[in-house]
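Heads up: the structure comes next, in structure tokens.
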Amino acid sequence: MTTKKNARANGYDHGFVIEQNNATGGISFWEKSDNHSLADRHGVSTADYIHAMYGFIRQAQSRHVLMIGCGGGTLATMLRRVGVKVTIVDIDGRNFEIARSYFHMPEDVECHVADGAAFVRGDPRKYDAIVLDAYADNEIPKHMRTTRFFELLKSRLRARKAFVLVNLIATDTQDCGPDRFAQLMQKTWSQVRLLDDEGRKSRNLIAVAGAVRKLTRPRLLMRPKSALKTLKRELGGLDFRPLRA
């Protein structure tokens with residue numbers, strides 16, 4: 001049995017819905033038909049792509065991560081539990097309130113309400129990893145799908161062991177959109193890799209660019225209290241594959 005309730009920010013109902021599984025405590029964050037986050041009752045994600053990004057960041061021993069796009073903030077919650085500093089920028093500040101109220105995102109996660117590209121232009125800091133997970137109407141905003149934007153991100157990476165991770169979505173097995181995105185990234189970075197499970201139709205992929213040659217398939221490092229069996233199966237199906245023309 002599940003319980004649904006409207007998520008409120010600043011006292012107003014904005015159409016965001018939080019769904020909780022009463023048996024397991026698992027929680028999900030919806031906006032209309034879009035699912036922003038899945039987690040256990042402690043804020044640990046139950047989504048394979050979040051654990052994949054977490055695994056890559058841990059492999060590289062990143063110390064400071066910039067996230068463009070918040071959702072339920074589960075990646076930030078997980079990273080803070082192992083001492084990684086996290087800065088998040090999101091154009092909608094309500095996501096930060098939901099992440100803290102329902103997904104246990106710590107108060108010491110640095111949050112900024114702004115357009116991601118505008119924030120990066122005005123922020124001179126260097127990061128060990130930058131995560132792009134920003135969607136509007138199921139698409140990454142157009143200005144974040146340009147070589148100019150990628151060059152901006154590259155300028156904000158530290159000189160060594162730093163990389164960019166992008167959450168991409170494929171609608172079916174023939175969807176070449178993620179490959180085209182990765183090919184565009186190759187104009188900025190010589191090393192670009194795709195982590196995918198080609199056996200699944202609608203799915204999330206991870207594009208990684210920068211110091212990524214030595215990255216290995218991520219394994220489960222932080223176990224959620226619910227949906228563990230499904231997560232392990234889905235994470236185990238992810239592997240690097242060549243880019244398709």
Side-chain angles (χ1 to χ4, degrees), residues 26 28-29 35-40 42-63 65-82 84 86 88 103 105 127-135 140 153 157 161-171 173 175 177-179 181-182 185 189 191-244:
S28 56
F29 169 25
N35 181 266
H36 291 309
S37 289
L38 298 165
D40 71 5
H42 302 296
V44 177
S45 179
T46 56
D48 59 347
Y49 74 96
I50 294 292
H51 282 268
M53 291 192 290
Y54 175 82
F56 287 144
I57 291 168
R58 297 294 290 145
Q59 280 185 47
Q61 298 180 327
S62 303
R63 294 174 296 173
V65 175
L66 172 65
M67 293 173 52
I68 300 173
C70 178
T74 54
L75 179 59
T77 296
M78 293 165 63
L79 290 171
R80 284 303 298 137
R81 290 185 183 179
V82 292
V84 178
V86 180
I88 309 181
F103 291 91
M105 190 175 78
Y127 296 91
D128 299 298
I130 298 175
V131 176
L132 176 61
D133 190 3
Y135 279 83
I140 295 174
L153 294 186
L157 292 175
K161 296 176 62 178
F163 54 89
V164 169
L165 306 95
V166 185
N167 173 35
L168 300 171
I169 297 173
T171 56
T173 56
D175 188 350
D179 296 83
F181 192 98
M185 295 178 76
W189 291 279
Q191 289 286 330
V192 179
R193 305 175 73 185
L194 268 182
L195 186 79
D196 189 13
D197 182 351
E198 294 183 279
R200 290 159 58 189
K201 293 182 180 179
S202 179
R203 64 199 188 277
N204 295 82
L205 302 78
I206 305 297
V208 291
V212 299
R213 184 174 59 85
K214 294 183 178 180
L215 291 179
T216 60
R217 291 175 59 187
R219 57 189 178 88
L220 187 62
L221 300 177
M222 186 177 290
R223 296 162 67 96
K225 299 296 184 182
S226 59
L228 178 60
K229 185 177 180 179
T230 300
L231 173 61
K232 291 174 73 173
R233 183 181 70 251
E234 292 179 346
L235 189 62
L238 294 173
D239 201 356
F240 290 111
R241 67 162 173 82
L243 272 60
R244 296 193 290 252

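Index from 1, following the sequence.
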Using the six-membered ring wherever Trp is involved, compare the ring planes of Phe56 and Phe240 and label them parallel, tilted or perpendicular (cut-offs 30° and 60°). parallel
Side chain proximity check, Leu220 to His51, heavy atoms < 4.5 angstrom: yes
Of Arg200, Arg233, Arg219, Arg217, which meets salt bridge (charged side-chain N to carboxylate O under 4.0 Å, His left out) against Asp48? Arg200
Might you point out which heavy atoms bring Ser226 and Gly26 nearest each other, and give the distance in Å? OG-CA, 3.9 Å
Rounded to the nearest 0.5 Å, what's the gap from CG on Asp239 to CG on Leu194? Could you check? 11.5 Å
The test is side chain to side chain contact (heavy atoms under 4.5 Å, CB included); show your working for Val164 and Val212 and say whether it passes. CA-CA 9 Å; Val164 169; Val212 299; over 6 Å; no
Please answer whether the main-chain N or O of Pro224 pairs with a side-chain N or O of Asp40 as donor and acceptor at a distance below 3.5 Å. no
Check whether any side-chain heavy atom of Leu238 sits under 4.5 Å from a side-chain heavy atom of Pro218, and report yes or no. no
Which pair of non-hydrogen atoms, one from Ser37 and one from Gly71, has the smallest distance, and what is that distance? OG-C, 3.8 Å
Qualifying residue, where the test is salt bridge (charged side-chain N to carboxylate O under 4.0 Å, His left out) with Arg203 and the options are Asp196, Asp197, Asp175: Asp196
Hey, mind stepping through Val208 and Leu195 against side chain to side chain contact (heavy atoms under 4.5 Å, CB included) and telling me if it holds? CA-CA 8 Å; Val208 291; Leu195 186 79; over 6 Å; no
Within the structure provided, determine whether Phe163 and Leu157 are in side-chain contact (heavy-atom separation under 4.5 Å). no
Smallest heavy-atom separation, Ala47 atom then Ser45 atom, equals N-OG, 3.0 Å
Are Leu228 and Lys232 close enough that some pair of their side-chain heavy atoms sits under 4.5 Å apart? yes
Any side-chain heavy atom of Val166 within less than 4.5 Å of one from Met185? yes
Counting distance only, does the side-chain N/O of Tyr135 pair as donor-acceptor with the main-chain N or O of Asn167 below 3.5 Å? yes
Is it the case that atom CZ in Arg244 sees more than 12 heavy atoms from other parts of the structure closer than 6.0 Å? yes
Distance from Leu38 atom CG to Thr46 atom OG1, nearest 0.5 Å? 4.5 Å
Return the minimal non-hydrogen interatomic distance between Thr74 and Ala39, and the atom names on each side. CG2-CB, 3.8 Å
Applying salt bridge (charged side-chain N to carboxylate O under 4.0 Å, His left out), can you list everything that pairs with Arg80, at least two apart in sequence or on another chain? Asp108
To the nearest 0.5 Å, what is the distance between CG (Leu165) and CG (Leu168)? 10.5 Å
Could you go step by step and tell me if Ile57 and Val131 meet the side chain to side chain contact (heavy atoms under 4.5 Å, CB included) rule? CA-CA 10 Å; Ile57 291 168; Val131 176; 4.1 Å; yes
Stepwise side chain to side chain contact (heavy atoms under 4.5 Å, CB included) check, Arg81 with Val44: CA-CA 10 Å; Arg81 290 185 183 179; Val44 177; 3.2 Å; yes
Atom CE of Met53 and atom CG of Leu75: how far apart are they, to the nearest 0.5 Å? 5.5 Å
Heavy-atom closest pair, residues Phe103 and Gly72: CB-O, 3.2 Å
Closest non-hydrogen atom pair, Tyr54 against Met222: OH-CE, 3.3 Å
Supply the atom-to-atom distance Met67 CE to Ile130 CD1, rounded to the nearest 0.5 angstrom. 12.5 Å
N/O donor-acceptor pair under 3.5 Å between Arg58 side chain and Leu221 backbone: no
First locate atom NZ of Lys225, then atom NE2 of His42, and finally report the distance between them rounded to the nearest 0.5 Å. 6.0 Å
